[in-house]
Amino acid sequence: MTPFRRDGHLTDLALDQLLEDGTLEGTDAHLESCAVCRDRLAAANAIELPVLPVLPFAEKRGLPPQASVAAQPAQPAAANRPWMWAALLVTAAAAAVLLAVAVPSVDEPVDPDGIRIKGASVGLQVFRDEGDRSERLRSGDRIAAGDRLGFRVRNRTAGHLMIVGVDARSETYLCYPQGLDGASERVDPAPVATQLPEAIRMDATPGSERLIAIFCPQAFDYDDVVGELLDGTVPEKCAVDEVVLEKL
Amino acid sequence: MQESPAALDVNALYQRHGRSVLRRIRRFYPEEVAMDVLQEVFIKAIEHAGTYRGDAPPLHWLYGMTTRHCLQRLRDEKRRKQLLDEVGDVPWSLPITHDTTEARVFLGQLWATVDEDLAQIGVHYYLDGMSQADIGELLGVTGRTISNRILALQQLARDAAGGTP
């Protein structure tokens with residue numbers, strides 16, 4: 001499906017895809033040249049949408065809908081019609097829906113009370129620099145020693161960003177920003193994924209290579225977060241996104 | 001936003017695409033109604049999950065389903081005559097145009113009287129400005145089928161307008 005309307009502007013659906021994924025093939029050149037669509041994208045990103053109430057089922061991944069019901073009662077304060085969520089719950093239990101299809105997983109953090117943290121999200125894209133072109137890498141893709149990797153990051157709100165790598169030996173290293181002080185960098189909102197000015201080159205350690213973007217409302221240092229990342233937890237009030245590559 | 005495949009449950013659909021669905025709903029409904037409609041759409045998503053064939057992004061499937069649900073809901077609200085008469089333009093969409101007789105007739109009254117499939121095709125064509133091929137892809141039918149249905153819609157519009165070309 002093309003991202004364009006018959007009149008040459010981007011479709012509403014394409015704008016939604018851009019806001020969800022931060023990038024959409026074939027749209028970069030149009031956005032650069034079309035102020036109308038840039039304004040539309042900014043308007044779509046800026047519109048004040050309510051925090052989505054949490055669906056009262058399947059909050060914890062891997063639990064069947066029925067199993068998570070008790071842990072996640074409906075939240076009347078968040079919904080206009082609480083009865084509707086109850087109907088949803090019943091329907092969900094009856095349907096027992098778990099579609100076995102491949103999709104990107106959720107990038108929005110959920111706090112311990114089950115309420116999504118509005119706007120606190122980050123999306124990381126990794127690209128392999130191949131001279132005159134770059135190739136987007138997704139989790140599971142293979143890389144080699146010497147590969148030069150660049151990053152694009154999308155964040156709905158202003159905040160502080162850092163990208164950290166973890167190799168197969170659980171050694172951590174700073175990917176971005178590469179300042180000697182190990183401090184995060186303040187970034188403005190970027191509804192469309194934005195290219196970062198620094199890249200990294202892969203060493204020869206084979207195995208799984210985790211690249212993790214950490215996005216926090218407050219400034220932080222490398223030493224503040226690496227321990228939690230190694231433990232597989234998310235620093236408090238922060239959002240993370242991760243791409244895991246396989247180095248041969 | 002991990003890129004690795006994961007099992008898709010409705011909760012994941014909702015978390016990932018809920019805002020896009022809500023934006024689509026706001027194309028048809030004012031803010032104060034949109035959250036109710038959002039809930040209804042995800043009930044439908046559960047009920048009709050089996051219709052997702054996996055050959056297109058889930059957002060496309062939800063987008064079509066949301067459009068159809070909004071149209072059905074609007075058609076049930078018999079007080080409405082003009083599609084979008086209470087919402088008007090939203091800042092992330094291009095302004096509604098009535099610059100052809102067909103568009104004017106469709107958006108005015110015809111959308112409420114033709115069958116639901118044709119109403120949805122008309123919305124994607126006249127309101128969203130999508131190409132026939134893209135509408136076909138969104139709805140899982142051939143572009144030729146969409147072409148034929150739009151021809152039929154154009155004829156209905158001309159008839160409704162009293163033969164005005």
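Chain letters run A, B, ... following the sequence lines, proteins first, then strands; residues in each count from 1. Both backbone and side-chain heavy atoms feed into the values below; hydrogens, waters and symmetry mates do not.
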* Under a 4.5 Å heavy-atom cutoff, which of B/Leu138, B/Leu59, B/Val21 has the most pairs with chain A? -> B/Leu59
* To do: Please say which of A/Leu10, A/Val36, A/Thr11 ends up in a side chain to side chain contact (heavy atoms under 4.5 Å, CB included) with B/Leu94.
  => A/Val36
* To do: Measure the CZ-CD1 distance between A/Arg6 and B/Ile135 for me, rounded to the nearest 0.5 Å.
  => 6.5 Å
* Structure fact -> Residue set satisfying side chain to side chain donor-acceptor pair (under 3.5 Å) with B/Ser93, at least two apart, ordered chain then number -> A/Asp12, B/Arg27
* Asked: A/Arg5 side chain to B/Ser131 main-chain N or O, any donor-acceptor pair under 3.5 Å?
  -> no
* Which bit of B/Leu127 comes within less than 4.5 Å of chain A, counting heavy atoms only: side chain, backbone, both or neither? -> backbone
* To do: Measure the spacing between CZ of B/Arg24 and CG of A/Leu15 and express it to the nearest 0.5 Å.
  => 11.5 Å
* **Nearest atoms (heavy-atom pairs only) where A/Glu20 meets B/Ser20** => OE2-OG, 2.7 Å
* Asked: After noting the C-alpha distance and the side-chain angles of A/Asp16 and B/Tyr63, does the key distance pass the side-chain contact (heavy atoms from CB on, under 4.5 Å) rule?
  -> CA-CA 10 Å; A/Asp16 285 328; B/Tyr63 191 84; 4.2 Å; yes
* **Derivation of the side-chain contact (heavy atoms from CB on, under 4.5 Å) call for A/Leu19 and B/Arg19** => CA-CA 10 Å; A/Leu19 289 175; B/Arg19 285 171 183 271; over 6 Å; no
* Asked: What distance separates A/Gln17 CD from B/His17 NE2, expressed to the nearest 0.5 Å?
  -> 9.5 Å
* Asked: Shortest non-hydrogen contact from B/Asp134 to A/Phe4?
  -> OD2-O, 4.0 Å
